[in-house]
Amino acid sequence: MFGGVLAGFGLIAFVIAIGLGLLIMLVVLRLDALLLVVLISLHLYLDWYQGFHILVPLLALLLVPLFYVLRSGSHPWIQPRWLWLWFLFLLLTIYPSLRGGMLMVYDAASFYPSDILGALLMYWLGMLVTQNKDKLQLFFQLVTLLAVLLAAHTLFQSVTGTILFASSRVDTFLLRSDVDYYQIASTDTHRVGSFFIDPNWNGAFFALVFFLPLGLFVSGSHVWQKLLYLFALVLILLALLYTYSTGAWVAFLIGLTVFLVFIGSTTYRITFLLIGCGLAALIIFIFPAQIALQMQHASGNNELSLRIAAWQTALAVVQAYPWFGVGLGHQAYLIHSNIYRVPEQFVLLSHPHNSYLEWAAMAGIPVLCTFLALIGTALYQSWQNWRQSDIQLRPLIGAGIAATITLSINSISINGWTHFALSMIIWPILGSIASPALCTARWRSEN
């Protein structure tokens, strides 16, 4: 069959056939955690970086009902709590998606498939693949492996200036864009974006994913495992350093505080405070040039002032379009926000650099409130799981909560929750820790 596909349709069709065959094998063998991480990887590289847009959302749309058909005692069917809230979110965003999508096909193929429907599907899949501590641990290990590979790629790009498996489409886009944005002013140092393209999105990824190996490090029982997790933590931290993302660093520090609260042990809290202070001093001593560049970038002209001006413009747009927004799309926002642009925003922006204002300005205040309710209910369920779990499971759930809070804080300064790739990464992580099956006895008694 593969030979016939290769002969009849060419190499691309052959690669697609092989890829689908491998995905089918993962489903048949019930390697659910690996399958989910493969979907995350494909969405980052193919849908986002290469511009395929809807490949993984379509696969996820097939997998959720397939998991229902293949349910069994060892792979039970799990349904998210407050599912009606998700259906409300899907319903309220239809009109804004159509309104914004009519102006640009890119927006039509991105916002609803990834940020809305894709968010529900990946959140649901995160629940389905993590019914107990072992499966949650395996999922976090595989996401950590993906993060290590991306961190190595980021460090390689920072040294060589070359992106492995680069896309000519992205190269063309960067040549037409203001690439000085990725260069720290008055220096020849470029911030690294890797497959996320923008360094702020790359930094947001490393800031949130850092807590997964940190939770594994705390819950790990073998010395060799802890050494591997420590290596992953160092590599991810170095990659975050070379993005020079101020918002990511601020969110990362707040996330560390959250993780200390949910770590589950006073001894570990004191130990990590001491280790953190020592590690910070070591980084300052070993990388003084990078720290100086980070401070220079953070205090640069128009860094904070332009963000505030963008938020003021977005608030004016929300005031003018409070119910349905201007339409879910960068082109729609670019056109309609220009009328309300404050003088301090000296450049046109396609989004307000704030996920919450983005939902309100593009889709309306009701959509923003529904979105916040979805995050709040998922975090509440995660906290409930944390309360009822044992001392070994708590660091893993706490790591997922810290990752979620980190992106939530970072989304004040960038479009984190509304980024097409980041959204499909954080929702399965949040779903994995919010799964009602994590506390098995209570979940089975209720179902």
Side-chain angles (χ1 to χ4, degrees), residues 19 22-23 25-27 29-49 56 59-60 122 125-126 128-130 132-158 163-165 192 194-196 201-243 252 255 259 393 395-400 402-404 406-407 421-422 424-433:
L22 292 174
L23 289 176
M25 288 176 62
L26 293 178
V27 174
L29 296 174
R30 294 316 305 258
L31 301 176
D32 297 341
L34 178 58
L35 176 63
L36 183 54
V37 175
V38 168
L39 290 183
I40 292 173
S41 307
L42 290 176
H43 185 71
L44 171 62
Y45 184 72
L46 293 180
D47 286 344
W48 166 248
Y49 188 70
V56 170
L59 290 174
M122 296 299 279
L125 287 174
L128 289 170
V129 304
T130 55
N132 53 51
K133 175 183 176 294
D134 293 336
K135 293 182 179 180
L136 178 63
Q137 189 175 38
L138 176 60
F139 175 57
F140 279 10
Q141 288 170 343
L142 292 172
V143 176
T144 297
L145 177 60
L146 172 63
V148 166
L149 294 175
L150 292 175
H153 185 269
T154 295
L155 295 175
F156 178 82
Q157 183 185 351
S158 69
I163 298 179
L164 296 175
F165 309 107
V192 183
S194 185
F195 294 131
F196 286 93
W201 297 327
N202 199 26
F205 169 74
F206 290 122
L208 74 90
V209 83
F210 176 87
F211 297 99
L212 304 190
L214 187 59
L216 291 167
F217 179 87
V218 175
S219 62
S221 55
H222 300 287
V223 175
W224 65 270
Q225 288 180 329
K226 289 183 178 291
L227 290 176
L228 288 176
Y229 298 144
L230 185 61
F231 172 76
L233 290 169
V234 171
L235 206 62
I236 292 171
L237 201 60
L238 288 176
L240 175 59
L241 184 65
Y242 280 95
T243 64
F252 170 74
F259 181 77
L393 182 56
L396 296 177
I397 299 177
T404 305
T406 298
L407 185 64
L422 289 172
M424 297 278 277
I425 294 171
I426 190 60
W427 278 114
I429 294 175
L430 183 53
S432 67
I433 60 172

Report, one line per pair, each donor and acceptor closer than 3.5 Å where one atom sits in a side chain of residues 138-147; sequence neighbours left out.
| residue | atom | partner | partner atom | Å |
| --- | --- | --- | --- | --- |
| Gln141 | NE2 | Tyr229 | OH | 2.9 |
| Thr144 | OG1 | Phe140 | O | 2.7 |

Suppose we screen for side-chain hydrogen bond (donor to acceptor under 3.5 Å, both in side chains). Which residues come up paired with [X], at least two apart in sequence or across chains?
| X | result |
| --- | --- |
| Thr154 | Asn202 |
| Trp201 | Asn415 |
| Ser194 | His153 |
| Lys135 | Gln131 |

Could you list the donor-acceptor pairs under 3.5 angstrom formed by side chains in residues 32-41, with sequence neighbours left out?
| residue | atom | partner | partner atom | Å |
| --- | --- | --- | --- | --- |
| Asp32 | OD1 | Arg30 | NE | 3.2 |
| Asp32 | OD2 | Arg30 | NH2 | 2.9 |
| Ser41 | OG | Val37 | O | 2.9 |

Residues 210-225 side chain polar contacts: donor-acceptor under 3.5 Å, at least two apart:
| residue | atom | partner | partner atom | Å |
| --- | --- | --- | --- | --- |
| Ser219 | OG | Gly215 | O | 3.1 |
| Ser219 | OG | Leu216 | O | 3.4 |

To the nearest 0.5 Å, what is the distance between [atom1] on [X] and [atom2] on [Y]?
| X | Y | atom1 | atom2 | value |
| --- | --- | --- | --- | --- |
| Leu393 | Asp134 | CG | CG | 10.0 Å |
| Thr404 | Trp427 | OG1 | CH2 | 8.5 Å |
| Ile426 | Phe205 | CD1 | CZ | 10.0 Å |
| Leu430 | Leu407 | CG | CG | 10.5 Å |
| Phe206 | Leu235 | CZ | CG | 8.0 Å |
| Phe196 | Leu422 | CZ | CG | 5.0 Å |

side-chain contact (heavy atoms from CB on, under 4.5 Å) against Ala60, all qualifying residues, sequence neighbours excluded | Leu121, Met122, Leu125

Provide the closest heavy-atom pair for Ala232 versus Val148 in the form atom of the first, atom of the second, distance.
->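 Smallest interatomic distance, heavy atoms only, reads CB-CG2, 3.6 Å.
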
Least distance between heavy atoms, Ala402 atom then Phe259 atom =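 The answer is CB-CB, 3.9 Å.
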
Using the test ring-ring contact (aromatic ring centres under 6.0 Å, His included), find all partners of Tyr45 that sit at least two apart in sequence or belong to another chain.
->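 Applying ring-ring contact (aromatic ring centres under 6.0 Å, His included) to Tyr45 gives Tyr49, Phe195.
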
Do Val209 and Ile236 have side chains that get closer than 4.5 Å, going by heavy atoms?
->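 The answer is yes; the side chains approach within 4.5 Å.
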
